[in-house]
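First the structure, in the form of structure tokens, and then the observations on it.
In the text below, chain A, chain B and the rest are named by the order of the sequence lines, each starting its count at 1. Side chains included, hydrogens not; waters and symmetry mates left out as well; all remaining heavy atoms used.
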There are 2 protein chains.
Amino acid sequence: MKQYEVTNSAIRRLPVYYRHLKVMESKGIEYTSTKELSQLTGVHDTQIRKDIALTGLQGTPRKGHVVTELIEAIEDFLNWKDTNSAFLVGVGNIGSALLNYNKYEGAGLKVIAGFDNDPSKIGKEINEIRIFPLSRFSDLVKRMHIHIGIITVPGDYAQSVANLMVESGILAIWNFTPVKLKIPEDIIVENVDLYRGLGVISRRLAEKLTKKK
Amino acid sequence: MKQYEVTNSAIRRLPVYYRHLKVMESKGIEYTSTKELSQLTGVHDTQIRKDIALTGLQGTPRKGHVVTELIEAIEDFLNWKDTNSAFLVGVGNIGSALLNYNKYEGAGLKVIAGFDNDPSKIGKEINEIRIFPLSRFSDLVKRMHIHIGIITVPGDYAQSVANLMVESGILAIWNFTPVKLKIPEDIIVENVDLYRGLGVISRRLAEKLTKKK
DNA sequence: TAGATTGTTAATCGATTAACAATC
DNA sequence: TAGATTGTTAATCGATTAACAATC
């Protein structure tokens, strides 16, 4: 397991603060405190102070943090000012939804092409993003120097798509399947398991409904 | 914060084992061990043993666990044999994707109606699921004794939809917006933050690309 | 029997929270 | 100055991993 100076959990919390800060900015609010952010996000204020410290930003005792400075610091830290182009493989339900949305530019990512094997999809466009046959993936990744691949195929195909991505030179994979990918450990992988919560909902609901009061 | 006997993290791991067990079952494999499951899932074998213990199932030293028994035990534990009907609010990109998929029945959940305020969507069907105006939500929840609500509206509307759900008698919310909902603590909430990984991808990729080797 | 695997207790690790001095 | 808030160190908590006896 690779050791980073900054943990993933810290990195994941920063966007949470960021969203609230953007709302404050749009309302013209100048200052905020970690106490206020804590109330909004549910994260402990000490935790927030540590996370902010990671960005290198310092606050002012008694006043707190300047909202715009904090936004800037988080954007810098997450490298959200640069936009990385990404390729998406698997234009099904979720894949199409992601292409239609495609508003991650503020978060450093922009999908610029989709790939699928279904002839009825190839050549079409979704939200102005062209769908190519999977056979062209490798070539286009190399020619366009793409670093990020998004996997939205059915689980059975996830590993083979991941292999293709790694061979093609992809450095980071955003995996929307529940499959644990076997890939070199220096490749960045972020898993999104959409249905993770279903066990919890089902179990907790059963507990609640059988509890006689 | 409510205290449960079983932690959510344990509940979230069980479906991970479950998926692999189903594959084994389909291949006709009779026995498995926690060591094998550990290799497949990346979860420590001691952890898996503890999780299985929660279901009440006992294994056989030297042989391991009977695959079908383990599947059965997890289904029982998660109450995955009963199917709960659910209503989905917000028939946009993600909402439509979830309706089109709607294969959670094995996981105790089935979406039976969608709700939206967009007149162009109301009255239509997606994957044979009818879309109703939001104004009918409360009435239908009560008449059909629905317990689960799914929120797939834009973040700005999430809290008001959650309020409506709670007032209508919904007991569990599957929230696909990044908004931290303010609701009574006895309501079950599972959050799916689709874009949680974007900070990690952006930051780690920047670290990787700036590292001179 | 020997040995693989379970089930459980103890040890470790990491993340979260509490405490408090520093500061404007 | 008094007091709110930061920044940091210490304490706590929970989750993960190690160790090992029990068992078939």
Margin query: I need the NZ-C1' distance between Lys63(B) and dT6(C), as an integer number of Å.
Written below: 14 Å
Checklist line | For DNA chain C, the residues among residues 34-53 of chain B that have a non-hydrogen atom under 4.0 Å from it | finding: Thr34(B), Thr46(B), Arg49(B), Lys50(B)
Next item on the list: Rounded to the nearest angstrom, tell me the gap between atom CG in Leu54(A) and atom P in dG7(D).
Entry: 12 Å
Check: Starting at CZ of Arg12(B) and ending at P of dG14(D), how long is that distance when rounded to a whole Å?
Finding: 16 Å
Note to self: Do the side chains of Glu72(B) and Lys81(B) get close enough for a salt bridge, i.e. N-O under 4.0 angstrom?
What the structure shows: yes
Check: Separation of Leu70(A) atom CG from dG7(D) atom P, in whole Å?
Finding: 10 Å
Next item on the list: Rounded to the nearest angstrom, tell me the gap between atom NE2 in His65(B) and atom P in dT5(C).
Entry: 12 Å
Check: Hey, which of Leu88(A), Leu140(A), Val91(A), Ile131(A) is the one that makes side chain to side chain contact (heavy atoms under 4.5 Å, CB included) with Phe115(A)?
Finding: Leu140(A)
Margin query: The side chain of Ser33(A) is closest to which nucleotide in this list: dT6(D), dC24(D), dG7(D)?
Written below: dT6(D)
Notebook entry, point to check: Under a 3.5 Å cut-off for both distances, is dG14(C) Watson-Crick or wobble paired, and to whom?
Noted result: dC13(D)
Note to self: Contact between Glu75(B) and Tyr18(B) at the side-chain level, heavy atoms closer than 4.5 Å - yes or no?
What the structure shows: yes
Margin query: Partner lookup for dA21(D), please. Criteria are Watson-Crick or G-U wobble with both distances under 3.5 angstrom; report none if nothing qualifies.
Written below: dT6(C)
Margin query: Salt bridge check, Arg19(B) against Asp193(A): does any charged N sit closer than 4.0 Å to a carboxylate O?
Written below: yes
Check: Out of dA4(D), dT6(C), dT23(C), which has the shortest distance to the side chain of Arg62(A)?
Finding: dA4(D)
Next item on the list: Indicate yes or no for a side-chain donor-acceptor contact from Ser85(A) to the backbone of Ile112(A) under 3.5 Å, with no hydrogens or angles considered.
Entry: no
Checklist line | Spacing between Tyr31(A) atom OH and dC24(C) atom C1', to the nearest angstrom | finding: 11 Å
Item checked: Ion pair check, Glu190(B) and Arg12(B), cut-off under 4.0 Å -> yes
